[in-house]
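What follows is a set of notes on a single structure, which appears directly below.
Hydrogens, waters and symmetry mates are skipped; everything else that's a heavy atom, side chains included, is used. All chains are named by letter (A, B, ...) in the order of the sequence lines, taking the proteins before the strands, and each is independently numbered beginning at 1.
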Amino acid sequence: MTTPVRVRFAPSPTGHLHIGGVRTALFNWLFARHHGGQFVLRIEDTDASRSTEESIDEILASMKWLGLDWDEGPFRQTERQSIYKEKVDQLLREDKAYPCFCTAEELDRKRKEAQSKGLKPKYDGTCRNRSDKPEGVPFVTRFKAPLEGAVTIHDLLRGNVVFQNEELDDLIILRSDGTPTYNFVVVVDDGGMGITHVIRGDDHLSNTPRQALLYDGLGMPRPKFAHISMILGADKTRLSKRHGATSVLAYRDMGYLPDALINYLARLGWSHGNQEIFTRQEMIQNFSLENVTTSAAVFNPEKLKWLNQQYIQNAAPLDLACQLEPFLIKEGILSENHGLSAEKIAKPIPSLNQRAETLVEMAPKSTFYFKEKLEFDEKARDKFLNADIKPHIEKLIVAINEMDNLEHDSMEKLFKQVAEEAKLKLGKLAQPVRVALTGGTASPGIYDVVLLLGKTTTLKRLTESVDFIEKRG
RNA sequence: GUCCCCAUCGUCUAGCCUGGCCCAGGACACCGGCCUUUCACGCCGGCGACGCGGGUUCGAAUCCCGCUGGGGACGCCA
């Protein structure tokens with residue numbers, strides 16, 4: 001019998017949940033779901049000075065928005081202090097840890113000195129064999145790491161990675177204020193929580209030997225490790241604010257669909273043949289660490305945009321309507337208490353969804369449909385609504401007025417007939433009508449616009465444009 | 001500086017493990033054309049890569065070594 005897979009995502013709540021973090025979460029989630037295992041969420045808030053509640057809220061909101069559901073947690077390390085304390089005591093008892101009285105300043109000085117000499121800036125072991133315990137002097141607790149030998153990490157993605165123990169030093173596991181540090185709690189937690197696979201960013205690879213030693217020291221079996229590559233900005237440096245939006249919620253606010261973001265991030269480093277677009281089910285079914293690359297990937301906003309467009313095009317109108325609604329409100333196209341049904345909002349979507357890459361872009365394009373009063377593009381109105389076109393618009397008014405119900409085919413027939421009689425190319429008729437009905441020169445197909453607006457509104461707007469032409473003289 | 005990781009079109013990638021099917025395939029972007037009532041969508045075509053140098057082999061993008069380049073780590077941050 002094989003042990004069930006158990007993975008975790010362990011962000012630190014010190015800022016926004018960013019793109020890189022989400023991809024790590026996603027790979028863990030996919031791995032868990034693929035294997036029918038469990039996905040644990042753990043908040044690494046051991047740094048009291050930098051962790052914030054807002055950040056935790058944002059992490060949870062981001063995960064929910066993306067649909068990355070977790071099976072256990074969120075656990076918070078600040079609530080697990082007694083567990084860490086116990087483990088530190090265990091190490092102390094077994095002489096695998098010791099107090100260190102060196103001051104931060106001292107350490108800092110030595111580090112710089114070593115570095116300037118071209119040496120590895122590691123702890124020199126001053127307190128390692130010190131037997132006296134000065135009273136009232138603050139101290140940290142260090143893990144006593146082996147001086148010789150080597151640690152081999154069996155990385156699922158990279159194979160064996162060997163680190164010489166002499167490259168490592170005695171890391172601090174307890175700060176002078178008594179709180180535990182990351183490298184220690186991560187081991188205690190992953191071990192204690194029965195995590196089977198640690199899938200995390202490449203930047204943790206060099207921490208892994210220290211952690212492996214800690215597992216050994218604590219008498220816990222090491223989990224399997226898989227270090228995925230990092231996401232870089234266009235300049236090939238680690239993705240950061242400098243590269244523009246990196247927080248997940250910023251993408252939500254820019255009108256990206258969660259499915260599109262997930263799909264994009266999944267394809268950053270993972271592939272399944274030549275397939276670009278995946279449903280979640282397909283991702284889960286096909287996900288495998290074997291198809292994850294080890295080289296770093298540059299984040300490409302253009303491709304994300306394209307994917308978002310694909311998702312917008314293919315989304316169910318009703319579903320998209322729900323996602324579009326907040327943007328309509330934000331843009332002032334609908335009021336907060338518009339009282340419209342999802343069906344009503346969904347109505348123009350089939351004619352709009354081929355024309356927008358983001359929801360932010362889509363919202364204003366629907367103004368003509370939602371707003372009672374048209375906002376005209378002045379230049380367009382001056383150019384297209386003139387005396388020449390007036391009689392033809394009037395002809396349309398008469399004809400449409402006689403129709404019982406508007407249909408695409410009959411509308412097309414009517415427009416073509418009127419254009420022909422006027423010896424105009426269809427576009428010469430359609431464009432002024434478009435301006436009259438939508439206020440601008442770019443819109444869905446003109447017959448769709450008429451159908452969307454309905455008989456009453458269409459006639460009203462056409463009549464208003466005739467009035468406008470008369471007034472301008 | 002030291003250690004570790006990585007290296008296919010501008011970008012994401014397939015192929016690499018199990019050499020020949022690859023004078024390297026797909027996608028985004030870009031360029032050109034078609035479609036067309038506007039804007040788009042769509043369709044067709046084009047541009048474009050195995051970092052360099054050595055080996056191994058009948059044969060290397062694929063295996064080995066070196067170099068170069070990029071990234072990461074070296075905190076009482078995570």
Side-chain angles (χ1 to χ4, degrees), chain A residues 10-14 44-47 49-51 100 102-104 107-108 111 114-122 138-142 153 155 157-159 161-164 166-169 171-177 179-183 185-186 201-209 227 229-230 232 234 236-238 264 267-277 290-291 293-307 309 313 352-357 365 380 412 415-416 419 425-431 433-435 438 440-447 449:
Chain A
S12 66
T14 52
E44 311 248 305
D45 57 351
T46 54
D47 184 353
S49 60
R50 295 201 307 149
S51 298
C100 168
C102 300
T103 65
L107 261 17
D108 201 42
R111 228 184 335 260
Q115 202 146 14
S116 68
K117 278 192 209 154
L119 297 169
K120 185 112 182 161
K122 58 175 205 173
F139 62 92
V140 299
T141 304
R142 286 184 187 270
I153 304 301
D155 189 278
L157 259 25
R158 296 157 204 268
V161 184
V162 182
F163 295 85
Q164 296 303 317
E166 58 189 40
E167 293 295 332
L168 277 19
D169 62 2
L171 82 149
I172 294 173
I173 57 178
L174 229 48
R175 301 184 182 96
S176 50
D177 66 0
T179 59
T181 58
Y182 167 76
N183 276 302
V185 295
V186 78
D202 204 351
D203 49 339
H204 287 285
L205 184 54
S206 41
N207 283 327
T208 310
H227 289 93
S229 62
M230 318 218 60
L232 274 25
K236 302 246 187 182
T237 63
R238 191 187 188 136
Y264 176 72
R267 278 289 285 104
L268 218 50
W270 171 74
S271 62
H272 183 250
N274 284 332
Q275 192 171 344
E276 295 287 351
I277 298 176
E290 280 187 26
N291 298 314
T293 50
T294 43
S295 52
V298 173
F299 182 77
N300 182 352
E302 290 299 324
K303 189 155 184 183
L304 203 209
K305 217 173 205 181
W306 171 78
L307 256 174
Q309 175 184 241
Q313 285 179 358
L352 252 27
N353 65 5
Q354 304 297 310
R355 301 179 154 72
E357 290 182 307
K365 290 184 196 292
E412 180 172 356
F415 270 71
K416 285 194 167 152
K425 286 179 83 173
L426 189 53
K428 294 289 176 192
L429 174 65
Q431 204 57 351
V433 172
R434 188 184 316 282
V435 174
T438 70
T441 54
S443 83
I446 194 64
Y447 314 132
V449 169

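- Anti is the conformation of B:C9, whose glycosidic angle sits further than 90° from 0.
- Using a 4.0 Å heavy-atom distance criterion, A:Ile446 is classed as a base contact.
- A:Ser443 comes within 4.0 angstrom of a base, heavy atoms only.
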B/S/- contact track for nucleotides 25-32 of chain B, protein heavy atom under 4.0 Å: BBBBS---
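- For A:Asp45, the side-chain hydrogen bond (donor to acceptor under 3.5 Å, both in side chains) partners at least two apart in sequence or on another chain are A:Arg76, A:Thr78.
- Going from atom OG of A:Ser51 over to atom CD of A:Glu44 covers 9.5 Å, rounded to the nearest 0.5 Å.
- Residue-level contact check: A:Ser271 touches the backbone only, with heavy atoms under 4.0 Å from sugar-phosphate atoms and none from bases.
- To the nearest 0.5 Å, atom CZ of residue A:Arg434 and atom CG of residue A:Leu429 are 10.5 Å apart.
- Contact annotation for A:Val140: base contact, defined as any heavy-atom pair under 4.0 Å involving a base atom.
- Nucleic acid contact for A:Phe163: sugar-phosphate only, since backbone atoms but no base atoms lie under 4.0 Å from a heavy atom of the residue.
- Residue A:Ala104 is classed as a base contact, given a heavy-atom separation below 4.0 Å to a base.
- By the salt bridge (Lys or Arg N to Asp or Glu O under 4.0 Å) test, A:Asp108 is found to be paired with A:Arg111, A:Lys112, residues two or more places apart in sequence or in another chain being considered.
- Here B:C22 sits opposite no nucleotide as a Watson-Crick or G-U wobble pair (both hydrogen-bonding atom distances under 3.5 Å).
- Annotation: B:A7 and B:C63 have their P atoms spaced 10 Å apart (nearest Å).
- Distance CG (A:Leu168) to P (B:C4): 11 Å, rounded to an integer number of Å.
- For the pair A:Leu426 CG and B:C35 P, the computed distance is 16 Å after rounding to whole Å.
- Within the nucleic acid shown, A:Pro444 comes within 4.0 Å of at least one base atom, counting heavy atoms only.
- Checking the phosphate oxygens (OP1, OP2) of B:G75, a side-chain nitrogen or oxygen of A:Arg111 falls inside 4.0 Å.
- Side chains of A:Thr179 and A:Asp177: a donor-acceptor N/O pair is present below 3.5 angstrom, by distance only.
- Comparing the same atom, C1', in B:C22 and in B:G59 gives a spacing of 13 Å after rounding to whole Å.
- In terms of the salt bridge (Lys or Arg N to Asp or Glu O under 4.0 Å) criterion, A:Lys365 has no residue partners (sequence neighbours excluded).
- Evaluation of the salt bridge (Lys or Arg N to Asp or Glu O under 4.0 Å) rule for A:Glu167 yields A:Lys120 as partners, not counting sequence neighbours.
- Remark on RNA chain B: of its neighbouring residues A:Ile172 and A:Val298, the 5'-side contact belongs to A:Val298, judged by nearest-heavy-atom nucleotide.
- When the C1' atom of B:C17 is taken as reference, atom CG of A:Asn291 falls 12 Å away, rounded to whole Å.
- In the interface, the side chain of A:Ser176 is paired with the base of B:C76 through a donor and an acceptor atom under 3.5 Å apart.
- Residues A:Ala356 and A:Asn207 each lie close to RNA chain B; by heavy-atom proximity, the contact nearer the 5' end of the strand is made by A:Ala356.
- Partners of A:Phe163 according to the ring-ring contact (aromatic ring centres under 6.0 Å, His included) rule, which considers only residues two or more places apart in sequence or in another chain, do not exist here.
- Comparing the C1' positions of B:U62 and B:G25 gives a spacing of 15 Å, expressed to the nearest Å.
- Contacts of A:Thr438 with the nucleic acid, taken as non-hydrogen atoms under 4.0 Å apart, are absent.
- Look at CD on A:Glu290: it is 15 Å from C1' on B:G15, rounded to the nearest Å.
- In this structure, A:Leu157 atom CG and B:C4 atom C1' are separated by 15 Å, rounded to whole Å.
- Atom P of B:C21 sits at a distance of 43 Å from the matching atom of B:A40, rounded to the whole Å.
- Look at the C1' atom in both B:U8 and B:G69: the space between them is 15 Å, to the nearest Å.
- The side chain of A:Thr46 contributes an N or O atom lying less than 4.0 Å from OP1 or OP2 of B:A78.
- A:Arg158 and A:Thr294 are not linked by any side-chain donor-acceptor pair at a separation below 3.5 angstrom, with hydrogens and angles left out of the test.
- One C1' atom belongs to B:U18, the other to B:A61, and the distance between them is 16 Å to the nearest Å.
- Between the P atoms of B:C43 and B:C28, the separation comes to 9 Å (whole Å).
- Looking at residues two or more places apart in sequence or on another chain, you find no side-chain hydrogen bond (donor to acceptor under 3.5 Å, both in side chains) involving A:Asn300.
- Atom CG in A:Asp108 sits roughly 9 Å away from atom P in B:C76 (whole-Å rounding).
- Within 4.0 Å (heavy atoms only), A:Val162 reaches sugar-phosphate atoms of the nucleic acid but no base atom.
- Here, B:G32 and B:G51 have their C1' atoms 31 Å apart, quoted to the whole Å.
- Among the heavy atoms of the strands lying under 4.0 Å from A:Thr293 are primed sugar atoms or P, OP1, OP2 only; no base atom is included.
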Check the interface with nucleotides 68-72 of chain B: list each N/O to N/O pair with the protein under 3.5 Å, or write none.
residue : atom : partner  : partner atom : Å
B:G72   : O3'  : A:Arg238 : NH1          : 3.2

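- The residue A:Gly440 sits apart from the nucleic acid: no heavy atom pair falls under 4.0 Å.
- Between the CD1 atom of A:Ile153 and the P atom of B:C5 there is a distance of 11 Å, rounded to whole Å.
- Checking B:A73 for Watson-Crick or G-U wobble geometry (two distances, each under 3.5 Å) identifies B:U2 as its partner.
- Rounded to whole Å, the distance from CZ on A:Arg355 to C1' on B:U36 is 11 Å.
- Every residue meeting the salt bridge (Lys or Arg N to Asp or Glu O under 4.0 Å) condition with A:Glu412, not counting sequence neighbours, appears here in chain and number order: A:Lys416.
- Here the side chains of A:Leu168 and A:Pro209 are in contact, with some heavy-atom distance below 4.5 Å.
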